[in-house]
Participant: 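Sharing a structure, written as structure tokens. Questions coming.
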Amino acid sequence: VLYDETHPRRRRIWHRRAAEGLVRLAPHQIAPRARHAHAAQDWPASLDLSLQAAEQALSLFAIEEAEAFFLLAKEADNHIANVAPATRLRRLRGLARVYRIHGNDEGEARALEDWLALARSTDAPAEGALALATLASNLCRRGHSTEGLALAQEAVHLAGDNQRTLSTAL
């Protein structure tokens, strides 16, 4: 009851203090720190910690938790003016992987299309090739083998000498 009746600014202060306390007392506890940073609206910390927590959850196959943290990272990203493209690419790659493991082909396709668009806009050919190859695989799994094959060929062409990077997608 006390929490619900407390002014939002005061709640953000509490969450910021909790996150700072966790840094000192339990620095390895990434997930609680991410949640408190997000609740405190400390967007840069929320983005960084949410990505770390999502990747940690994904490595443990805690798929729903990984998805939740990738979505927290996306929300934090929306509040920050100049997020590094590499950070956004990392989030989109992870979210696509979560959706793939979860069997959500449509969600994976959306994340892959966003990943590909960002990779192309940042002139990151290796990243674009990997996104294309992963999207090709997604299309083939959904029964669109003609489009998938065309994207796979484009991925191989774009990868050039770095074709080994495509092995995880194809």
Side-chain angles (χ1 to χ4, degrees), residues 1-135 137-138 165 168-169:
V1 173
L2 177 63
Y3 183 84
D4 291 337
E5 293 179 2
T6 304
H7 192 276
R9 183 185 300 149
R10 171 76 67 194
R11 281 188 252 159
R12 287 192 300 272
I13 291 169
W14 288 346
H15 284 290
R16 188 180 71 239
R17 288 180 182 163
E20 291 167 355
L22 284 169
V23 169
R24 289 188 307 276
L25 298 173
H28 60 283
Q29 294 289 325
I30 304 298
R33 288 173 51 205
R35 287 187 198 100
H36 283 297
H38 194 80
Q41 296 180 359
D42 180 353
W43 302 123
S46 176
L47 177 59
D48 180 53
L49 292 167
S50 294
L51 283 175
Q52 288 180 52
E55 290 165 345
Q56 189 176 63
L58 191 54
S59 73
L60 299 170
F61 289 96
I63 305 306
E64 286 81 14
E65 187 172 355
E67 179 181 7
F69 280 114
F70 279 123
L71 293 176
L72 282 181
K74 179 180 181 180
E75 185 179 341
D77 183 330
N78 290 337
H79 289 279
I80 301 171
N82 295 317
V83 175
T87 301
R88 286 191 171 134
L89 289 167
R90 178 178 159 202
R91 177 179 54 80
L92 291 166
R93 253 193 326 269
L95 193 55
R97 185 166 176 226
V98 162
Y99 289 143
R100 183 176 193 164
I101 292 169
H102 206 261
N104 181 347
D105 289 336
E106 318 273 308
E108 181 192 14
R110 282 190 309 276
L112 289 170
E113 288 164 0
D114 291 345
W115 175 18
L116 178 59
L118 181 58
R120 284 180 168 160
S121 74
T122 59
D123 193 33
E127 196 70 42
L130 185 56
L132 274 169
T134 310
L135 185 55
S137 176
N138 173 278
T165 62
T168 58

Participant: Could you tell me whether the side chain of Asn138 and the main chain of Asp105 form a donor-acceptor pair under 3.5 Å?
Facilitator: yes
Participant: For a quick test of reading the model, state the closest non-hydrogen atom pair linking Ala96 to Glu108 and the distance between them.
Facilitator: O-CG, 3.6 Å
Participant: What is the minimum heavy-atom distance between Leu72 and Ser46, and which atoms define it?
Facilitator: O-OG, 4.4 Å
Participant: Just do the side-chain contact (heavy atoms from CB on, under 4.5 Å) check on Tyr99 and Glu106 with the steps written out, would you?
Facilitator: CA-CA 8 Å; Tyr99 289 143; Glu106 318 273 308; over 6 Å; no
Participant: Measuring from atom CZ of Phe70 to atom CZ of Arg93, what distance do you get when rounded to the nearest 0.5 angstrom?
Facilitator: 9.5 Å
Participant: Okay, side chain of Thr134, backbone of Leu130: is any donor-acceptor separation there less than 3.5 Å?
Facilitator: yes
Participant: Check the side chains of Gln52 and Asp48 for a donor-acceptor pair under 3.5 angstrom, ignoring hydrogens and angles.
Facilitator: yes
Participant: Using 0.5 Å steps for rounding, measure from the OG atom of Ser137 to the CG atom of Leu132.
Facilitator: 12.5 Å
Participant: Salt bridge or not for Lys74 and Glu67, using N-O below 4.0 Å?
Facilitator: no
Participant: Any chance you could measure Arg100, atom CZ, to Leu95, atom CG, to the nearest 0.5 Å?
Facilitator: 14.0 Å
Participant: Hey, could you give me the CG/CD distance between Leu49 and Gln56, rounded to the nearest 0.5 Å?
Facilitator: 10.5 Å
Participant: Decide side-chain contact (heavy atoms from CB on, under 4.5 Å) for Glu65 and Val98; before the verdict, give the C-alpha distance in whole Å, the side-chain angles of both, and the deciding distance to 0.1 Å.
Facilitator: CA-CA 10 Å; Glu65 187 172 355; Val98 162; over 6 Å; no
Participant: Not counting sequence neighbours, which residues clear side chain to side chain contact (heavy atoms under 4.5 Å, CB included) with Glu64? List them please.
Facilitator: His102
Participant: Of all heavy-atom pairs between Ala53 and Ala31, which one has the smallest distance, and what is that distance?
Facilitator: CB-CA, 4.0 Å
Participant: Can you see which heavy atom on His38 is nearest to which on Ala76, and at what distance?
Facilitator: CE1-N, 4.3 Å
Participant: Do the side chain of Ser50 and the main chain of Leu47 share a donor and acceptor less than 3.5 angstrom apart?
Facilitator: no
Participant: Please report the closest heavy-atom contact between Thr122 and Pro85, naming both atoms and the distance.
Facilitator: CG2-CB, 3.5 Å
Participant: Just verifying a value: how many Å separate Thr87 OG1 and Asn82 CG, rounded to the nearest 0.5 Å?
Facilitator: 11.5 Å
Participant: Could I get the full list of side chain to side chain donor-acceptor pair (under 3.5 Å) partners for Arg97, not counting sequence neighbours?
Facilitator: none
Participant: Taking C-beta and beyond as the side chain, do Arg35 and Phe69 meet within less than 4.5 Å on heavy atoms?
Facilitator: yes
Participant: How are the rings of Trp43 and His79 set to each other: parallel, tilted or perpendicular (split at 30° and 60°)?
Facilitator: parallel
Participant: How long is the straight-line distance from CG of Leu89 back to CD of Glu127, given to the nearest 0.5 Å?
Facilitator: 4.5 Å
